[in-house]
Amino acid sequence: MEAFSPTPPQWTESSIHVFQFCCPKCGAGTIDAQAVWINRRSPVYGENSRRKWQEFYHCKCGCSWWAWSSDRPPSKYAPSDQDEDECNDLDPFS
(Lines give C-alpha, C1' and ligand atoms only; values in the text may rest on other atoms or scores of the structure.)
Protein backbone atom coordinates (compact mmCIF):
# COMPACT_ATOMS: atom_id res chain seq x y z
CA MET A 1 0.00 0.00 0.00
CA GLU A 2 1.38 3.34 -0.99
CA ALA A 3 0.67 6.29 1.32
CA PHE A 4 -0.23 8.56 -1.63
CA SER A 5 -2.44 6.13 -3.53
CA PRO A 6 -5.61 7.84 -4.82
CA THR A 7 -7.75 4.93 -3.61
CA PRO A 8 -8.13 4.53 0.15
CA PRO A 9 -7.37 1.10 1.60
CA GLN A 10 -10.27 -0.77 3.16
CA TRP A 11 -8.88 -0.46 6.70
CA THR A 12 -9.52 3.32 6.61
CA GLU A 13 -13.30 2.75 6.66
CA SER A 14 -13.25 1.86 10.37
CA SER A 15 -10.70 4.51 11.38
CA ILE A 16 -11.26 6.54 14.53
CA HIS A 17 -10.63 10.30 14.57
CA VAL A 18 -8.08 11.16 17.26
CA PHE A 19 -6.82 14.52 18.49
CA GLN A 20 -3.32 13.37 19.44
CA PHE A 21 -0.93 11.71 17.03
CA CYS A 22 -0.96 8.26 18.61
CA CYS A 23 -3.04 5.09 18.58
CA PRO A 24 -6.08 5.47 20.87
CA LYS A 25 -5.91 1.77 21.77
CA CYS A 26 -2.23 1.11 22.61
CA GLY A 27 -0.62 4.58 22.49
CA ALA A 28 1.87 3.71 19.72
CA GLY A 29 3.12 6.59 17.60
CA THR A 30 3.07 7.02 13.84
CA ILE A 31 6.51 5.44 13.47
CA ASP A 32 5.05 2.12 14.65
CA ALA A 33 2.19 2.09 12.12
CA GLN A 34 2.05 -0.89 9.78
CA ALA A 35 0.33 1.12 7.04
CA VAL A 36 -0.26 4.78 6.29
CA TRP A 37 -2.58 6.51 3.85
CA ILE A 38 -2.89 10.26 3.31
CA ASN A 39 -6.13 11.58 1.85
CA ARG A 40 -4.66 14.24 -0.44
CA ARG A 41 -7.71 14.29 -2.73
CA SER A 42 -9.77 16.38 -0.32
CA PRO A 43 -7.70 19.05 1.40
CA VAL A 44 -9.39 21.29 3.91
CA TYR A 45 -8.37 24.91 4.37
CA GLY A 46 -7.81 26.05 7.93
CA GLU A 47 -6.28 29.06 9.61
CA ASN A 48 -4.35 31.42 7.35
CA SER A 49 -5.64 29.50 4.32
CA ARG A 50 -3.23 26.64 5.04
CA ARG A 51 -4.15 23.24 3.64
CA LYS A 52 -4.50 20.20 5.86
CA TRP A 53 -5.15 16.56 5.04
CA GLN A 54 -6.43 13.50 6.80
CA GLU A 55 -3.59 11.17 7.74
CA PHE A 56 -4.69 7.58 8.33
CA TYR A 57 -2.65 5.04 10.30
CA HIS A 58 -3.15 1.30 10.72
CA CYS A 59 -1.47 0.38 14.00
CA LYS A 60 0.40 -2.82 14.81
CA CYS A 61 -2.33 -3.58 17.40
CA GLY A 62 -4.97 -3.65 14.63
CA CYS A 63 -6.59 -0.30 15.44
CA SER A 64 -7.01 2.23 12.61
CA TRP A 65 -7.03 5.95 13.37
CA TRP A 66 -6.72 9.30 11.65
CA ALA A 67 -5.83 12.89 12.52
CA TRP A 68 -5.45 16.17 10.65
CA SER A 69 -1.99 16.88 9.29
CA SER A 70 -2.13 20.27 11.03
CA ASP A 71 -2.41 18.50 14.42
CA ARG A 72 0.92 16.73 13.94
CA PRO A 73 3.40 17.71 16.67
CA PRO A 74 6.42 19.73 15.50
CA SER A 75 9.40 17.73 14.30
CA LYS A 76 12.65 17.95 16.22
CA TYR A 77 14.35 18.21 12.81
CA ALA A 78 12.38 21.23 11.58
CA PRO A 79 13.72 24.68 12.35
CA SER A 80 11.79 26.45 15.09
CA ASP A 81 10.65 30.08 14.97
CA GLN A 82 13.44 30.87 17.42
CA ASP A 83 16.05 29.36 15.05
CA GLU A 84 14.80 31.55 12.22
CA ASP A 85 14.97 34.67 14.44
CA GLU A 86 18.57 33.83 15.38
CA CYS A 87 19.48 33.42 11.70
CA ASN A 88 17.88 36.78 10.84
CA ASP A 89 19.96 38.46 13.55
CA LEU A 90 23.09 37.28 11.79
CA ASP A 91 22.06 38.64 8.40
CA PRO A 92 23.72 42.04 7.87
CA PHE A 93 21.27 42.88 5.07
CA SER A 94 18.03 42.51 7.06
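Since we're looking at a predicted model, the values are computed, not measured. FYI, side chains are in, hydrogens and waters are out, and symmetry mates aren't considered; it's all heavy atoms of this structure. In what follows, residues are counted from 1 in the order of the sequence shown.
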Report task. Apply the test side-chain contact (heavy atoms from CB on, under 4.5 Å) to residues Tyr45 and Arg51: give CA-CA distance (whole Å), side-chain angles for both, the deciding distance (0.1 Å), then the verdict. Result -> CA-CA 5 Å; Tyr45 291 88; Arg51 288 186 294 185; 3.0 Å; yes
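- Taking every heavy atom of both residues into account, Gly27 and Cys22 meet most closely at O-CB, 3.8 Å.
- A distance of 8.5 Å separates SG of Cys59 from NZ of Lys25, quoted to the nearest 0.5 Å.
- Residues Trp37 and Ser5 have side chains in contact (heavy-atom distance under 4.5 Å, counting atoms from C-beta outward).
- A donor-acceptor pair is defined here as one N or O able to donate and one able to accept, closer than 3.5 Å; no such pair exists between the side chain of Arg40 and the backbone of Trp53.
- The distance from the OG1 atom of Thr7 to the CZ atom of Arg41 is 6.5 Å, given to the nearest 0.5 Å.
- The side-chain heavy atoms of Cys26 and Cys63, taken from C-beta on, include no pair separated by under 4.5 Å.
- Of all the heavy atoms in Val18 and Ala67, the pair that sits closest is O-CB, 3.7 Å.
- Counting heavy-atom neighbours within 6.0 Å of Gln20 CD, excluding the residue itself, gives a total of 12 or less.
- Taking CD from Gln54 and NE2 from His17, the interatomic distance works out to 8.0 Å, rounded to the nearest 0.5 Å.
- Side chains of Gln10 and Thr12 form no contact here, defined as non-hydrogen atoms less than 4.5 Å apart.
- Partners of Arg72 under the side-chain contact (heavy atoms from CB on, under 4.5 Å) rule, at least two apart in sequence or in another chain, are Phe21, Thr30, Glu55, Tyr57.
- Residue pairs meeting the side-chain hydrogen bond (donor to acceptor under 3.5 Å, both in side chains) criterion with at least one partner in residues 62-71, sequence neighbours excluded, are His58-Ser64.
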